[in-house]
Every structure is written in structure tokens, then in C-alpha cells.
Asks: 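Dropping a structure here in C-alpha cells format, bear with me for questions.
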Amino acid sequence: VCSSDLNLTKVWGSHTIKGGIYMQRSRKDQTSFANFNGSYNFGDNPSNPYDTGFGFSNALLGVYNTYNQASNHINGLYRYWNIEQFIQDTWKVTPRLTLDFGLRAAWYQPQYDSSLQASTFVPSLWSAANAPRLYQPAINPATGARAAYDPVAKVYLPSFDVGLEIPGTGQPFQGICQANTCPNGKYLMKDRGLQWGPRFGFAWDITGKQNLVFRAGSGIYYDRIQGNRTFDMVTNPPEAVAPTLNQNLVSTINPNNVLLGPPSLDAVDPTGKVPTTYQFQAGIQYRLPQNMSLDVAYVGSQSRHQQDNRNINYNAFGQCFLPQNQDPQLQAASPNALLGNNCLSANFLKPYPGYGSITIYQSEATSNYNALQVQIQRRATRGLFVGAAYTWSKAMASSQSGGTNDNSSVRPDQYTKEAYYAPASFDRRQVLAINYVYSLPRLGKGNAFTRLVTDGWQLSGVTEAVTGSPFTPGFSVSGDRK
């Protein structure tokens with residue numbers, strides 16, 4: 001990362017005018033996080049025709065239950081510019097009133113892969129007529145056992161191939177466009193251009209004695225999407241394919257006869273919305289006796305276009321309870337099974353057949369913060385400085401995950417806010433912090449050496465009390481199937 005900034009200041013009468021520009025260039029080369037080395041599962045599985053019944057024996061004989069490996073070792077070349085400029089004026093209108101106002105314009109170039117290997121899914125480029133066919137569940141008349149069946153070629157395969165793609169059918173990676181062919185070009189998303197961030201604030205000395213001051217201000221702030229959201233786009237087909245092979249011998253692995261399951265994808269939000277926060281505050285400061293001061297303020301913010309994840313290739317709620325979505329072979333084997341347990345494989349019931357999950361990194365999450373902040377301080381007197389700060393706040397968000405809240409999965413339908421809008425994971429309703437510094441008295445006795453050891457010591461510390469983080473209870477019902 002290379003950055004440079006330049007600022008100018010001009011004092012003109014009662015005005016202090018500032019302006020400046022900031023430029024940052026980021027160049028990062030990073031490999032994708034795919035499983036390049038491959039991984040075997042040699043665990044015993046009674047349905048594996050080669051299984052020895054013991055995992056160590058399977059490993060010695062090369063009998064795997066599953067094997068997974070990425071097809072390519074991809075190195076992305078990620079680049080972007082941040083270019084920001086501002087101008088502001090601090091205007092002392094009267095000895096008791098000061099105004100601050102300014103404007104910031106920022107260009108957050110969408111981070112992109114300059115090697116043009118990154119890709120995304122565009123629904124308008126997908127056609128149901130070109131979707132690859134999948135092996136259907138059936139009974140092999142030769143064995144009487146459950147099998148995977150190609151009704152066109154009339155070929156039977158082992159049952160673990162049910163739901164995998166039939167080679168040579170359809171267009172397996174249709175709807176995916178790489179950076180050099182996408183409607184939005186190498187960015188994969190729209191470039192939103194300059195983002196305008198006005199700022200305004202004022203300070204008013206109410207009494208003219210500087211013992212009671214009212215301050216308020218607001219502004220609009222922007223930030224770029226974190227890089228990991230872009231790095232994931234090189235793991236999509238056709239650049240990266242990570243098939244999982246089932247129940248066979250290591251010696252039989254051949255890239256030419258691998259059956260692919262419907263791959264899962266990551267997709268960019270084509271709108272390219274920039275995360276935006278609207279901040280505002282108002283407070284009053286009062287000078288108390290005994291070198292003390294009191295500050296009481298309201299602080300708030302509203303955040304929009306925050307990141308969350310939504311699967312656009314989801315299985316509809318309740319679809320496994322519909323008669324037309326039942327697997328006839330499973331029904332015949334378990335006619336009294338719990339409703340939903342005889343459902344067809346999820347791959348047969350997707351809106352975009354031929355794909356697994358299609359996770360769009362969208363800019364739809366929102367959050368807000370409202371707080372009462374009280375601070376009292378006693379300036380150093382007789383060697384003691386002490387301060388206390390108390391915050392009573394509430395942070396709400398529609399995206400809940402970890403400490404960053406930018407990678408959580410939300411509902412695929414329109415009811416995300418109703419389902420997930422709740423206290424944010426970083427919400428702490430009450431926070432009390434007490435800080436203190438005490439200069440220990442000098443002994444004033446002894447020689448120079450003893451005074452060097454005993455004098456000039458300070459005792460300091462911070463004591464903090466914080467309420468707990470949000471807790472979400474949950475439950476599950478065994479035997480159900482989504």
C-alpha cells in the first residue's frame with residue numbers, strides 16, 4: 001500500500017480554512033483459499049463397496065470414502081485507488097459562537113483482480129434450457145438396489161451419484177461471467193463514482209463565561225468493502241472447480257472421468273453500493289466547582305448499505321412437504337417416514353438447476369446506534385486526577401455475525417428485517433469506566449540516591465464494568481429435514 005496526502009491551511013480573519021487531498025494505492029497479490037493439495041476421508045462406510053471396515057486399513061489400501069481437490073492454484077492480483085479530497089471552514093462568528101462546516105468527496109475504486117480471473121453470477125445470463133441434466137434416483141433392475149440413472153442414455157451408476165451432473169449435457173457454467181466479459185467490466189459491480197460527505201457542527205458559549213457550552217454536529221461517512229469479499233471471486237468456476245469423489249480406490253482417480261456436483265458460487269452485488277454511515281451528536285459541557293467538568297451528550301448513527309450474504313439459489317421453505325417433490329424410491333423404502341424425510345435431493349429443487357448455493361455479497365444490511373454519554377473529570381489537584389465515563393446505549397442491526405457483522409447469512413426472502421433485526425453482536429447496553437492518576441507524595445528526606453528511588457512515582461489505573469453481550473436462545477427438533 002502506498003499513500004500520500006497534502007493539506008493546506010489559510011487563516012483569514014475570523015475564518016480558518018483548510019483543504020487537502022489523500023491518495024492511496026493498494027496492490028495485493030494473494031492466492032485463493034481453495035484446497036489445492038487435496039484431502040482424503042478414509043473413514044469406514046458400509047455403503048462403500050471397497051470398504052474394509054477399518055479406517056486405517058482403508059488408508060493403507062487406498063480405499064477412500066470421499067476425496068476433494070481444487071483444480072487450479074489461483075493467484076489473484078488485487079488493485080484499487082482511494083482518492084479523497086476535502087475543504088472545511090472554522091468560522092468564529094462571534095466570541096461565543098463558532099461554526100464548522102465542510103465537504104469531503106471520496107472515490108473508492110472497486111477493488112478488482114487485474115489478472116481478470118475473478119468472476120460472478122449474473123441471473124440474466126442463465127437459461128433453464130441450458131441447465132445440465134442430473135442423475136435421477138432409480139432402482140437398478142439388475143441389482144434391485146437404489147442407483148443413479150440417466151434416463152436418456154439409460155445408464156445406471158452407484159446411488160451416491162444421484163444429483164450429480166450428467167457429462168456432456170447443457171452448459172455447466174452458464175450465467176457466470178469473468179471480469180473481461182461481465183456487464184460491469186473488471187469491477188464486476190457498478191463504480192459509484194464520487195461519494196459526497198458534508199459535515200457541519202457548532203459550539204455555543206451560552207453564558208459567555210466559558211462555563212456552559214453547547215456543541216452539536218453531524219456528518220456523512222463512507223468506507224470501502226473489505227478485501228476478502230473480492231478475493232473470494234477467483235474461487236468460482238470456470239477458473240476453480242473443486243469436485244468431491246465418493247467411495248472408490250485412489251488408483252482409479254482420473255481427471256477425465258470425474259463427475260461434478262452442482263458447484264456453489266460467490267457473487268458480487270452488481271449495484272456496488274458503498275457502505276455509508278450518518279453520524280450526529282449534541283452535548284453540553286458544564287464547568288463544576290473544585291476543578292471539575294461535566295459533559296452530557298447524545299450520540300447516534302445510522303448505517304446503510306452494510307454487507308451481508310444472501311443465497312439466491314435457495315430451496316423454498318416447505319418444498320419437502322409437497323407431494324411432487326418426494327423421491328419415489330425413498331417413499332417405497334420408508335413409507336411411514338416423518339413428513340419431509342423422503343424429499344428429493346436439494347439439487348433437484350433449486351431455482352437455478354445445475355448450481356448449489358449462489359451466495360451474493362450484497363449491500364442491504366442496516367444498523368443504528370443511540371447513546372447517552374456522561375463524562376465527569378476532575379483535573380489534577382493535589383496530585384490526583386480522576387475521571388468517570390458512563391454510556392447507556394443500544395446498537396441494533398439486521399445482520400448478525402461475529403464482531404464485524406459483514407459476513408452473516410440472511411433470509412433469502414423479503415423478511416430479513418422481521419427475522420433478524422435485533423441487538424447487534426457488539427451491543428453493550430451499559431458501560432462504566434473510571435480512570436485515575438495519583439502522584440505519590442515525595443518523602444523529602446534522605447540523600448540523593450534514596451530520593452531517586454522513592455520520589456516521582458505515580459499510581460494509575462482504569463476500572464471498567466460492562467453489561468453482557470446479546471444472547472439468542474435456540475432449539476432444534478430431531479428427525480426433521482429442511
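Just so you know, these numbers use all the heavy atoms, side chains as well, and skip hydrogens, waters and symmetry mates. Model, not experiment: these values are computed from the prediction.
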Asks: Which atoms form the tightest heavy-atom contact between L134 and P262, and what is the distance?
Replies: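 Looks like CD2-CG, 4.2 Å.
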Asks: Looking only at atom types and distance, does a side-chain atom of S71 sit under 3.5 Å from a main-chain N or O of V241, one as donor and one as acceptor?
Replies: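 Yes, because the side chain of S71 sits within donor-acceptor range (under 3.5 Å) of the backbone of V241.
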Asks: Please report the shortest heavy-atom distance between P353 and A131, naming the atom on each side.
Replies: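 Where P353 meets A131 most closely, the heavy atoms are O-CB, 3.6 Å.
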Asks: So do the side chains of R146 and P137 get within less than 4.5 Å of each other, counting heavy atoms only?
Replies: yes
Asks: If you round to the nearest 0.5 Å, how far is CG of N341 from CG of N336?
Replies: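 CG of N341 is found 12.0 Å from CG of N336.
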Asks: Scan side-chain atoms only and decide if Q24 and Y80 contain a donor-acceptor pair under the 3.5 Å cut-off.
Replies: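 Q24 vs Y80: donor-acceptor pair found between side chains.
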Asks: Identify the two heavy atoms, one from P151 and one from Q136, that lie closest to each other, and give their separation to 0.1 Å.
Replies: CD-CG, 4.3 Å
Asks: Got a donor-acceptor contact below 3.5 angstrom from the N370 side chain to the K394 backbone?
Replies: no
Asks: Report the C-alpha distance between D100 and R199 in whole Å, list the side-chain angles of each, state the deciding distance to 0.1 Å, and finish with yes or no for side chain to side chain contact (heavy atoms under 4.5 Å, CB included).
Replies: CA-CA 8 Å; D100 279 285; R199 318 284 169 82; over 6 Å; no
Asks: Okay, side chain of N72, backbone of I74: is any donor-acceptor separation there less than 3.5 Å?
Replies: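 Flag not set: sc N72 to bb I74 has no pair under 3.5 Å.
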Asks: What distance do F42 atom CZ and F56 atom CZ have between them, rounded to the nearest 0.5 Å?
Replies: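 One gets 11.5 Å once the value is rounded to the nearest 0.5 Å.
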Asks: Side chain of R27, backbone of L77: donor and acceptor closer than 3.5 Å?
Replies: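 Flag not set: sc R27 to bb L77 has no pair under 3.5 Å.
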Asks: Check the pair T120, C177 against side chain to side chain contact (heavy atoms under 4.5 Å, CB included), reporting the backbone distance first and the verdict last.
Replies: CA-CA 6 Å; T120 187; C177 66; 4.0 Å; yes
Asks: Please evaluate residues F54 and D44 with respect to the criterion side chain to side chain contact (heavy atoms under 4.5 Å, CB included), reporting the C-alpha separation (whole Å), side-chain torsions for both, the decisive distance (0.1 Å), and the verdict.
Replies: CA-CA 6 Å; F54 190 57; D44 58 294; 6.0 Å; no
Asks: For F121, which of Y355, W126, Y361 qualifies under ring pair (Phe, Tyr, Trp, His ring centres under 6.0 Å)?
Replies: Y355
Asks: Do the side chain of T143 and the main chain of A145 share a donor and acceptor less than 3.5 angstrom apart?
Replies: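 Side chain of T143 to backbone of A145: a pair is present.
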Asks: So, taking the atom named CD in E364 and the one named OG in S399, what distance separates them when rounded to the nearest 0.5 Å?
Replies: 11.5 Å
Asks: Can you see which heavy atom on P238 is nearest to which on Q178, and at what distance?
Replies: CG-OE1, 4.0 Å
Asks: Is it true that a side-chain atom of Q109 and a backbone atom of W81 form a donor plus acceptor pair closer than 3.5 Å?
Replies: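 Between the backbone of W81 and the side chain of Q109 there is a qualifying donor-acceptor contact (under 3.5 Å).
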Asks: Quick check: do W107 and D191 have side-chain heavy atoms less than 4.5 Å from each other?
Replies: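 With C-beta onward as the side chain, the pair touches.
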Asks: So do Y369 and S303 actually touch side chain to side chain, heavy atoms under 4.5 Å?
Replies: no
Asks: Closest approach of F317 and D413, non-hydrogen atoms and distance?
Replies: CE1-OD2, 3.3 Å
Asks: Is the Y78 ring parallel, tilted or perpendicular to the F231 ring (thresholds 30°, 60°)?
Replies: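 Correct class here is tilted.
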Asks: Testing the basics here: between S425 and S469, what is the closest heavy-atom pair and its distance to 0.1 Å?
Replies: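 Heavy atoms of S425 and S469 come nearest at O-CB, 4.3 Å.
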Asks: Is L349 close to C343 at the side-chain level, that is, under 4.5 Å between some pair of heavy atoms?
Replies: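 Sidechains of L349 and C343: in contact.
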Asks: So does T366 get a backbone contact from the side chain of S398, meaning a donor-acceptor N/O pair under 3.5 Å?
Replies: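 Indeed, once roles are kept as given, a pair shorter than 3.5 Å links the two residues.
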Asks: Does the side chain of K350 pick up a donor-acceptor pair with the side chain of N315 at under 3.5 Å?
Replies: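 Looking only at side-chain atoms, N315 and K350 do form a donor-acceptor pair, the distance falling under 3.5 Å.
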Asks: Which pairs of donor and acceptor atoms, one on a side chain in residues 154-173, lie under 3.5 Å apart (sequence neighbours left out)?
Replies:
residue : atom : partner : partner atom : Å
T169    : OG1  : R133    : N            : 3.1
T169    : OG1  : I166    : O            : 2.7

Asks: Could you check whether Q307 and S363, counting side-chain N and O atoms only, form a donor-acceptor pair closer than 3.5 Å?
Replies: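 Yes.
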Asks: Measure from the side-chain N and O atoms of N45 to the backbone N and O of D51, and report whether any donor-acceptor pair falls under 3.5 Å.
Replies: no
Asks: Within the structure provided, determine whether V274 and H305 are in side-chain contact (heavy-atom separation under 4.5 Å).
Replies: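 The answer is no, as the side chains (C-beta and beyond) never meet within the 4.5 Å cut-off.
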Asks: Less than 4.0 Å between a side-chain N and a carboxylate O, is that true for D427 and R429?
Replies: yes
Asks: Do R411's NZ or CZ and the ring of Y314 fall within the cation-pi criteria of under 6.0 Å and 45°?
Replies: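 So R411 doesn't make the cation-pi contact.
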Asks: Could you tell me the separation between the CG atom of D269 and the CD1 atom of I225, rounded to the nearest 0.5 Å?
Replies: 7.5 Å
Asks: Classify the angle between the aromatic ring planes of Y108 and Y222 as parallel (below 30°), tilted (30 to 60°) or perpendicular (above 60°).
Replies: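 Y108 vs Y222 ring planes: tilted.
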Asks: Between the side chain of R25 and the main-chain N/O of V1, is any donor-acceptor distance below 3.5 Å?
Replies: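 Such a contact is absent between R25 side chain and V1 backbone.
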Asks: Distance only, no hydrogens: is a donor on one side chain within 3.5 Å (strictly under) of an acceptor on the other, for N58 and Y40?
Replies: no
Asks: Ignoring hydrogens and angles, state whether a donor on the side chain of R310 or Q362 is under 3.5 Å from an acceptor on the partner side chain.
Replies: yes
Asks: Are any side-chain N or O atoms of Q117 and backbone N or O atoms of N75, one a donor and one an acceptor, separated by less than 3.5 Å?
Replies: yes
Asks: Does any non-hydrogen side-chain atom of P351 lie less than 4.5 Å from one of I312?
Replies: no
Asks: Counting only heavy atoms from other residues, nucleotides and ligands, does the tally under 6.0 Å from CG of N7 exceed 12?
Replies: yes
Asks: Strictly below 4.0 Å, N to O, side chains only: are D29 and R79 in salt-bridge contact?
Replies: yes
Asks: Within the 4.5 Å heavy-atom criterion, are P270 and V122 side-chain neighbours or not?
Replies: no
Asks: If I take atom OG from residue S119 and atom CG from residue L188, how far apart are they, to the nearest 0.5 angstrom?
Replies: 7.5 Å
Asks: Go through the steps for Y421 and N368 under the test side chain to side chain contact (heavy atoms under 4.5 Å, CB included), then give the verdict.
Replies: CA-CA 11 Å; Y421 182 68; N368 59 75; 2.8 Å; yes
Asks: Considering only heavy atoms from C-beta outward, does the side chain of V63 approach that of L249 to under 4.5 Å?
Replies: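 Yes - at least one pair of side-chain heavy atoms lies under 4.5 Å apart.
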Asks: Could you tell me the separation between the CG atom of N82 and the CG atom of D223, rounded to the nearest 0.5 Å?
Replies: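 Taking CG in N82 and CG in D223, the distance rounds to 8.5 Å.
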